Amino acid sequence: MDSHGEPAYILWSNLTDIVFFNVLGVVTCLYALHVEVNKERDPSYRAACDLSEHMSCSRVLTSKYSQGFGVMHLLFGENHMLNSRNCNIGLVIYIINILLCVFLPSPMAATILYYGSIVSVLGCVYLAFILFVVLKDVCIVCMSMYGINAVLLYLTYKMHSFYN
């Protein structure tokens, strides 16, 4: 909390920063979707984030783990909406977060955003394990998402603590 009695922030203000990092998440998800779709259409496609054999976001973003976290098809079937592309799920979450910031009262939004951020970070921990241990790759796009979600966890924690 700063000297004016507002929750901590990184760039401008807590709420503005939360919206900004969610917008950054939307942009990152859209880029991931762009890479996935282009790689599926053209297997020879080389994304800007494909830097080497072991640093290839297109290889990661088209792996079996890039859809439904690699497990939703086992639980709900191939055609279930939760077996969607991870970037599509991220898009929905980031857009909902932006809408919560704009349309819900701050104490209620703070609670929803904070607990949602916890779930998102837990998902990132799982996906980071898959990335580094199972796929043995480095994905700049994925790591950007992990960073965005970590910052959002910090910001939403500060907002939640301020109101509670």
Side-chain angles (χ1 to χ4, degrees), residues 1 7-11 14-33 35-36 49 54-164:
M1 195 175 324
Y9 60 92
I10 296 173
L11 301 171
N14 184 272
L15 189 62
T16 304
D17 286 358
I18 290 171
V19 170
F20 172 76
F21 281 98
N22 276 289
V23 169
L24 201 56
V26 167
V27 170
T28 307
C29 285
L30 288 173
Y31 180 71
L33 181 61
V35 169
E36 288 180 38
C49 53
H54 296 290
M55 203 168 182
S56 170
C57 63
S58 65
R59 187 172 82 81
V60 172
L61 294 173
T62 55
S63 76
K64 68 179 183 178
Y65 301 99
S66 69
Q67 190 167 322
F69 299 92
V71 296
M72 294 301 177
H73 70 284
L74 299 172
L75 301 172
F76 302 106
E78 293 289 333
N79 296 323
H80 195 275
M81 69 179 206
L82 289 177
N83 194 40
S84 180
R85 297 174 194 266
N86 294 349
C87 61
N88 290 349
I89 295 168
L91 275 171
V92 169
I93 291 169
Y94 291 127
I95 290 168
I96 288 171
N97 287 350
I98 293 166
L99 294 173
L100 285 171
C101 289
V102 173
F103 294 112
L104 266 184
S106 292
M108 185 183 293
T111 300
I112 295 169
L113 290 167
Y114 174 56
Y115 288 109
S117 288
I118 291 171
V119 172
S120 293
V121 167
L122 290 174
C124 287
V125 169
Y126 165 75
L127 289 173
F129 174 82
I130 296 297
L131 177 65
F132 298 122
V133 176
V134 177
L135 298 175
K136 294 178 176 49
D137 208 323
V138 175
C139 172
I140 296 169
V141 173
C142 303
M143 293 184 343
S144 298
M145 298 270 199
Y146 307 157
I148 289 166
N149 286 325
V151 169
L152 285 170
L153 178 60
Y154 167 76
L155 290 169
T156 59
Y157 168 76
K158 291 298 185 179
M159 178 187 262
H160 179 72
S161 297
F162 177 74
Y163 287 112
N164 293 302

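Note that the coordinates shown come from a computational prediction; the quantities given were computed from them, not determined experimentally.
- In the model, S144 has no side-chain atom that pairs as donor or acceptor with a side-chain atom of T28 under 3.5 Å.
- In plain terms, the two heavy atoms of Y163 and P107 that are nearest each other are CD2-CG, 3.8 Å.
- Formation of a donor-acceptor pair under 3.5 Å by the D137 side chain with backbone atoms of L131 is not found in this model.
- Note on ring orientation: taking the six-membered ring where Trp is involved, the planes of Y115 and H160 are perpendicular (angle over 60°, cut-offs 30° and 60°).
- No donor-acceptor pair under 3.5 Å is formed between the side chain of Q67 and the backbone N or O of S84.
- In this structure, the side chain of N97 does not engage the main chain of V19 through any donor-acceptor pair within 3.5 Å.
- At distances below 3.5 Å, not a single donor-acceptor pair connects side-chain atoms of Y146 with backbone N or O atoms of V121.
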Steps toward side-chain contact (heavy atoms from CB on, under 4.5 Å) verdict (L99, Y94): CA-CA 9 Å; L99 294 173; Y94 291 127; over 6 Å; no

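- Here the side chain of S63 pairs no donor or acceptor atom with the backbone of R59 at under 3.5 angstrom.
- The environment of CG in N164 is crowded: more than 12 heavy-atom neighbours from other residues, nucleotides or ligands sit within 6.0 Å.
- Distance check: N83 CG to N86 CG gives 9.0 Å after rounding to the nearest 0.5 Å.
- Interatomic distance, OG of S106 versus CG of L15, reported as 6.0 Å (0.5 Å rounding).
- Atom CD1 in I18 sits 12.5 Å away from atom NZ in K158 (nearest 0.5 Å).
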With side-chain contact (heavy atoms from CB on, under 4.5 Å) as the criterion, how do E36 and C87 come out once you've worked through the C-alpha distance, each side chain's angles and the decisive distance to 0.1 Å? CA-CA 9 Å; E36 288 180 38; C87 61; 3.4 Å; yes

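- How far CE of M143 is from CD1 of I148: 12.0 Å, rounded to the nearest 0.5 Å.
- Dense packing is recorded around OH of Y31, with more than 12 heavy atoms of other residues, nucleotides or ligands lying under 6.0 Å away.
- Annotation for Y126 and F69: closest pair OH-O, 2.8 Å, computed over non-hydrogen atoms.
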Let's go through I112 and M108 carefully: what are the C-alpha distance in whole Å and the side-chain angles of both, what is the deciding distance for side-chain contact (heavy atoms from CB on, under 4.5 Å) to 0.1 Å, and is it a yes or a no? CA-CA 6 Å; I112 295 169; M108 185 183 293; 4.0 Å; yes

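- From M145, atom CE reaches atom CG of L127 across 10.0 Å, with rounding to the nearest 0.5 Å.
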Passes side-chain contact (heavy atoms from CB on, under 4.5 Å), C57 versus I140? Steps please. CA-CA 7 Å; C57 63; I140 296 169; 5.8 Å; no

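- By the 4.5 Å heavy-atom criterion applied to side chains, N14 and D17 are not counted as neighbours.
- Considering all non-hydrogen atoms of both residues, F76 and L82 come closest at CE1-CD1, 3.8 Å.
- Proximity of Y154 to F21: side-chain heavy atoms (C-beta onward) are nowhere separated by under 4.5 Å.
- A donor-acceptor pair under 3.5 Å links the side-chain atoms of T156 to the main chain of L153, judged by distance alone.
- Judged purely by atom type and a 3.5 angstrom limit, K136 uses its side chain to pair as donor or acceptor with the backbone of V133.
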